[in-house]
Amino acid sequence: MSEFELLARPIQKWIRGKGWPALRSIQADAIRTLYDSNRDLIISAGTAGGKTEAAFLPLISQCVQEPASPGFELVYIGPLKALISDQARRLEDICQYAELTVTPWHGDVSGAVKARAKKKPQGILLITPESLEAMFILNGLQIPTFFASTRAIVIDELHSLLDSERGIQMRSLIKRMEMAVGRPIRRLGLSATLGDNKDLAKRYLRPNDPATVELVEGSGGAPELKLQLRGYIKGDITLEAFGDSEGTESEDAAVNLDEAAARAVASHMFSKLRGSRNLIFAGARNRVELYADLLRLRCEEENLPQEFYAHHANISRHERSFIEDRLCKGDLPTTAVCTSTLELGIDIGDITCVAQIGAPFTVSSMVQRLGRSGRRPGQPQILRQYAIENRVDAVSHLIDRLRLDTIRAIAMIELHVKDRWCESPLPQALHLSTLVHQLLSVIAERGGSSAKRLYITLCEKGPFTEVTPAIFTQVLRALGREETGLIEQSDNDLLLLGPKGEKLVEHYSFYAVFKTPEEYRLLHEGKEIGTLPISTVITKGSTIIFSGRRWEILELDSISNTILIKPSKAGKAPKFGGDGLGLIDDRVVSKMLDILHSNDVPIYLDRVAKQLLQEARQAFSESKLDSNKLLSLSPKAHILSTWRGDIKTNSLALALQSLGFKLAIYDGLIEITDCPEEMNIFEGLEAIAEGRHTNLFADSSNLVSEKFHPYLSVELLQLDALSCRLDQTCIAPLAQEILEQEDS
DNA sequence: GACCTGCTGCGGTCTG
């Protein structure tokens, strides 16, 4: 029987109605796998590759062919509300001849729809991890009924949920679902960019039995890639960049020189991107505003209609939808200057070109961004990478002369294009903040639980596999401390929520595992145009650039957290804060070292970028950094090379700091700016090599980074950091390596 | 040295 013939009649009818010439190969493969076995399945194909149909055509068919008892027959978990609404529409279309109810369930879905589904659970449920969490807490007793007849759980955008806090939460919820119904439920993962991580993805989809997970991959290799890396030097004043800038006062000169580079980049983007549909990834919200403003001014100067828009998380939903719709419809030229808001999620149509300002932090996000262009057969992916470096001369700082941003951008491109590599998640992470969340959630779901059952549910069978019984006990103790008061023990050894735990879990803000900052609302004539973090320093009368336009602050109310604004002629892009917790992989830094050692000049560099690469290589060899891992600039100032990623470099830096050294950290390099009285750098490194350094956590203030960290003890926070952000075991060998290199 | 994601129940007002 052919794959088509396996499907139920109403689904065959739907396919015929679509006029498809044939099933795509991933669809045929997925149908075969789902009909022939009970195995889990990962469907990996480019965006718009028909993954949703590949999963749901056979799954819906099976629902039609073997009608089941009450309960949701299929569950879809998606990371975005917009994606769920989108997919619900597509599934309703597929189900038009099959009598199957489709229920989207997220924060914007009306209570009436949810109430109806709770009363009569059936068909397909599409839900976010947070709404599923809420379901467990608010309807814990009904969970076995809801999912009694669930055939499969489909996880969309699996790559975005691999190793994140949300991913761990989702895996925990799926396991709890299986435990509630007392049987395994088939799992399907849909993903666009798994790269080298296919085995890891299998492990994340079915941790105790990854070998049985099937993989179906889209055929048709990656589209052709066209790329250019353009270099810019701050203070290089070109006529085109100079524009109408006056720059008379000497104090402003430095600022204006910086701005000249941004103008030159904006000018180039304006000339190349105008008239088509593009995404410009600016790397930070502050830079999104800066470039959106520069590009808007260019349009105004040339009397052209506006086609450049700012898009990031602080801009109002309304404005963001407007930009997304414009990109999607495609009848007007539109370029969004954006952050990772437009990196994944809903289909935004056919993008001509992706621009990236400054080197990205990970190859995987670069790949994800690139995947937004070249979606039509025969169309190339186009990447325009911009690198902006400081002007240098013979006495400039070595770090500036190494052109690290340019070198990193080249490393990222080479790793993707030549090595086909991207980052993997860290499987040894403890995820203690998320564990606290799930502990409270399971207790709420069951109305109380023994410590042993909690351990079995979450650690032995659930996703917190790295948490030992000893660590688990410590976590319970931390939550039970009187000052924490989240849980308490009943007479029969049952763990219950304490008063503070009740209050925490009862509030709707509990359901998400990730932290969100407090924000001001920005109001213009009563309409919200977006938000600014409370931490932003801002005063009445000052001016800002927001949503690509310029505004003056009229009123600032710190009780209601609102800011009233009016349009203005002047403005400066505000600082949006940020976590600064990104980690660059070992492999990226080691690639940077290879590039500095090599003589190859990639063909995709423009004239200035070639010059920057040349300068970097010259600085690298002249400084003897190519043969010395310890470079002394003066008795108290040195450069140490680890040529390792952030985890290892930061760990060695912390050890040095604990001994009293003052330092700054760069990609694979540590700059020692001052030494303590009693110790020079050699003695410091020897002490570390021999394991005699003091506490790595001398400065423990930055250990609280995740939502439920504040409830844990210092000791647990240190364990958590050591499991994923720091590496204690690498410190002594690294110090030894640096010393040995110096001797030879 | 950064970015993103999500949320309930109830009381209020307005519309058909």
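Proteins come first, then strands; the chains are lettered A, B, ... in the order of their sequence lines, and each starts at number 1.
- Scored by the salt bridge (Lys or Arg N to Asp or Glu O under 4.0 Å) test, A/E445 finds A/R176 as partners (sequence neighbours excluded).
- Taking every heavy atom of residues 504-523 of chain A and every atom of DNA chain B, pairs under 4.0 Å involve A/Y508, A/S509, A/Y511, A/A512, A/F514, A/T516, by number.
- For A/D667, taking side-chain heavy atoms from C-beta onward, the closest of the listed nucleotides B/dG6, B/dG1, B/dC4 is B/dG1.
- For B/dC3, one of the phosphate oxygens OP1 or OP2 lies less than 4.0 angstrom from a side-chain nitrogen or oxygen of A/R285.
- Remark: the backbone N or O of A/G358 is paired with a side-chain donor or acceptor of A/Q385 at under 3.5 angstrom.
- Applying the ring pair (Phe, Tyr, Trp, His ring centres under 6.0 Å) rule to A/H431 yields no partners; only residues at least two apart in sequence or on another chain are considered.
- For A/F708, the ring pair (Phe, Tyr, Trp, His ring centres under 6.0 Å) partners at least two apart in sequence or on another chain are A/H437, A/F510.
- Position along DNA chain B of the nearest nucleotide to A/A82 versus A/G283 favours A/G283 as the more 5'-ward residue.
- Taking atom CZ on A/F281 and atom P on B/dC3, their separation rounds to 14 Å, with Å as the unit.
- Summarising the geometry, the separation between NE2 on A/H437 and P on B/dT5 is reported as 18 Å, rounded to the nearest angstrom.
- By the neighbour-count criterion of 12 heavy atoms within 6.0 Å, atom NE2 of A/H397 is densely surrounded, having more than that number from other residues, nucleotides or ligands.
- Contact between the side-chain N/O atoms of A/T128 and the OP1/OP2 oxygens of B/dC7 is found at a separation under 4.0 Å.
- Here B/dT8 presents its P atom at 9 Å from CD1 of A/I127, a figure rounded to the nearest Å.
- A salt bridge (charged side-chain N to carboxylate O under 4.0 Å, His left out) check over residues 308-321 of chain A, counting only residues at least two apart or in different chains, returns nothing.
- For the pairing with A/Y309, the side chain to side chain contact (heavy atoms under 4.5 Å, CB included) check across A/T334, A/V337, A/V288 returns one residue only, A/T334.
- Every residue two or more places apart in sequence or in another chain was checked for a ring pair (Phe, Tyr, Trp, His ring centres under 6.0 Å) with A/F464, and none qualifies.
- Rounded to whole angstrom, the span from the NZ atom of A/K575 across to the C1' atom of B/dA2 amounts to 14 Å.
- For A/Y291 and A/F308, the gap between ring centers reaches or exceeds 6.0 Å.
- To the nearest angstrom, P of B/dC3 lies 15 Å from NE2 of A/H311.
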Using a 3.5 Å limit on both pairing distances, list the dot-bracket string of DNA chain B from the 5' end; Watson-Crick and G-U wobble pairs count, crossing pairs take [ ], interstrand pairs take |.
................
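- One can place CZ of A/R317 at 12 Å from P of B/dC4, the figure rounded to the nearest angstrom.
- Residues meeting the salt bridge (Lys or Arg N to Asp or Glu O under 4.0 Å) test with A/E528, sequence neighbours left out: A/R521.
- Listed nucleotides: B/dC7, B/dC4, B/dC3. Nearest to the side chain of A/K81: B/dC7.
- Phosphate contact (OP1/OP2 of B/dT5, side-chain N/O of A/R320, threshold under 4.0 Å): present.
- Listed by chain and number, the residues in a salt bridge (Lys or Arg N to Asp or Glu O under 4.0 Å) with A/R116 amount to none (sequence neighbours excluded).
- Residue contacts for A/R408: at a heavy-atom cut-off of 4.0 Å it reaches a base atom on one of the strands shown.
- Not counting sequence neighbours, A/D674 has no partner by the salt bridge (Lys or Arg N to Asp or Glu O under 4.0 Å) test.
- Rounded to an integer number of Å, the gap from CD of A/E324 to C1' of B/dC4 is 13 Å.
- Using a 3.5 Å distance cut-off with no hydrogens or angles, the side chains of A/Q87 and A/D156 do pair a donor with an acceptor.
- Of the residues in residues 639-647 of chain A, A/D646 come within less than 4.0 Å of DNA chain B through at least one heavy atom, sorted by number.
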What protein N or O atoms touch nucleotides 9-15 of chain B N or O atoms at under 3.5 angstrom, if any, and at what distances?
none

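- Between the side chain of A/S723 and the backbone N or O of A/D720 there is at least one donor-acceptor pair closer than 3.5 Å.
- Atom pair A/Q169:CD and B/dG6:C1' shows a separation of 9 Å (rounding to whole Å applied).
- For the 3.5 Å distance criterion, the side chains of A/S316 and A/H318 fail to qualify, holding no donor opposite an acceptor.
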